[in-house]
Amino acid sequence: MGYRYIGSKDKLSEIIISEILEIDKNAKHIIDLMAGTGLFSLALRENGFSVSALDVMTYSYHHLKFHLLMNCAPKFNGVNNISEIKKDISINNYELVLDYLNKLKPTKGYFFNEFSPEGSTSNTSKPRKYFTSENASKIDSIRNEIKVLKNNNIITADEHSLLIHDLIMATNDVANIAGTYGHYLSKFVKRAESHLVLKPSKFSTIGSIEGHTISLGYAEELASSLSGDVCYIDPPYIKRQYAANYHILETIAREDFPEAIGESGLRPWRDQYSNFCSKVKIRDSFTKIIQGVNCRHILISYSEDGLIPISELTTFLSQFGKVNRKNIEYKRFKSNDSTKKPTLHEYLIHIEKH
Ligand SMILES: C[S@@+](CC[C@H](N)C(=O)[O-])C[C@H]1O[C@@H](n2cnc3c(N)ncnc32)[C@H](O)[C@@H]1O
């Protein structure tokens, strides 16, 4: 399944990059302020830019480290300290570690109990069906071991991020969901019944891995510490909070054991609440970011389906500088609502600050 991420700009990256170059043909350093999967940041790197990328979600931080800071497998020199791993010169240390993690004995832990049909949840009577019991217990054993390897300094911080990235990608492949983790499906689909396997990631060798920075936190708070030629902002545009819709990935990334609340088993997520999902708070957040960031050009993606009608948003943004808006017709993220058109307009709003 790969990544079904609401609002991912994977397919629009070419258009957005040509817009960036139209704004400033000499642009070198781009801020990607709500970087999500990190795929747009990777496209920037592959097009020769250096990037300052940021997101409020921890899983994004790990994806960004993989996409921006790596062009080949890290060395994993610490494998020599894992007695169960037998040196094999035909494969590299990274693949040895993945093989070791894939062969761990499944454990009936937090994921098994909270997210699989045979588990016993801590605060509801109904077991959840995000994963088969086998896959949930594999996630438990792999997740626990990655944490142990990190805590014992057997893997470096970058190696740790790569393994978390790999576990998230493997989890996405077997999750029993319709797109996001907002809820699980009542019956296991075929994909979810396949076995969870960590697969070696493919490293991009295009573009430099130098000159990038990655931050974890709120754009409103960190924008003033960032500077660049163009600041790209890709905010949520609907009410659905990323922290609620991708709670399971966040739990993998944070390596914790939060209370799983309600039927969907959401982690307490208010600490990652986004103001961009609120009609009342969104203007305040745009103001803080646009005024704070050290950048003359701001480029914002927004959608026809957005909480704020595009004309209203454009008028609001005009107070910060000269505004220019472009329309892109875009294929809609899968929706069960048959009244919705299959395509929608995505807007690119350029602000040249006063
Ligand atoms: C539309 S998605 C970005 C998708 C991304 N461009 C990609 O291609 O994957 C919006 C992102 O904004 C992040 N976000 C929401 N509010 C934020 C805030 N106030 N500060 C930082 N990140 C925020 C969400 O976690 C989410 O990853």
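In listed order, ligands and their atoms are each counted from 1. What you see is a predicted model, and the numbers here were worked out from it, not measured in a lab.
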Query raised in the report: Just by distance, with hydrogens left out, do Glu19 and His350 show a side-chain donor and acceptor under 3.5 Å apart?
Result: no
Query raised in the report: Taking the six-membered ring for Trp, are the ring centroids of Tyr5 and Tyr246 within less than 6.0 Å of each other?
Result: yes
Report summary line: For Ile164 and His62 the tightest heavy-atom approach is CG2-CD2, 3.7 Å
Query - Salt-bridge contact Asp256-Arg267 (side-chain N to carboxylate O under 4.0 Å) - result: yes
Could you give the N/O to N/O pairs under 3.5 Å linking ligand 1 and the protein, each with its distance?
from, atom 1, to, atom 2, distance (Å)
ligand 1, 6 (N), Asp234, OD2, 2.6
ligand 1, 8 (O), Lys9, N, 2.8
ligand 1, 9 (O), Thr37, N, 3.0
ligand 1, 9 (O), Thr37, OG1, 2.6
ligand 1, 16 (N), Ser274, OG, 2.7
ligand 1, 19 (N), Glu220, OE1, 2.8
ligand 1, 19 (N), Glu220, OE2, 3.4
ligand 1, 20 (N), Ala219, N, 2.9
ligand 1, 22 (N), Val56, N, 3.3
ligand 1, 25 (O), Asp55, OD1, 2.7
ligand 1, 27 (O), Tyr5, OH, 2.7
ligand 1, 27 (O), Asp55, OD1, 3.4
ligand 1, 27 (O), Asp55, OD2, 2.7

Query raised in the report: Does the ring center of Phe131 lie less than 6.0 Å from the ring center of Tyr184?
Result: no
Query raised in the report: Can a donor-acceptor pair be found between the side chains of Glu114 and Ser122 at a distance below 3.5 Å?
Result: yes
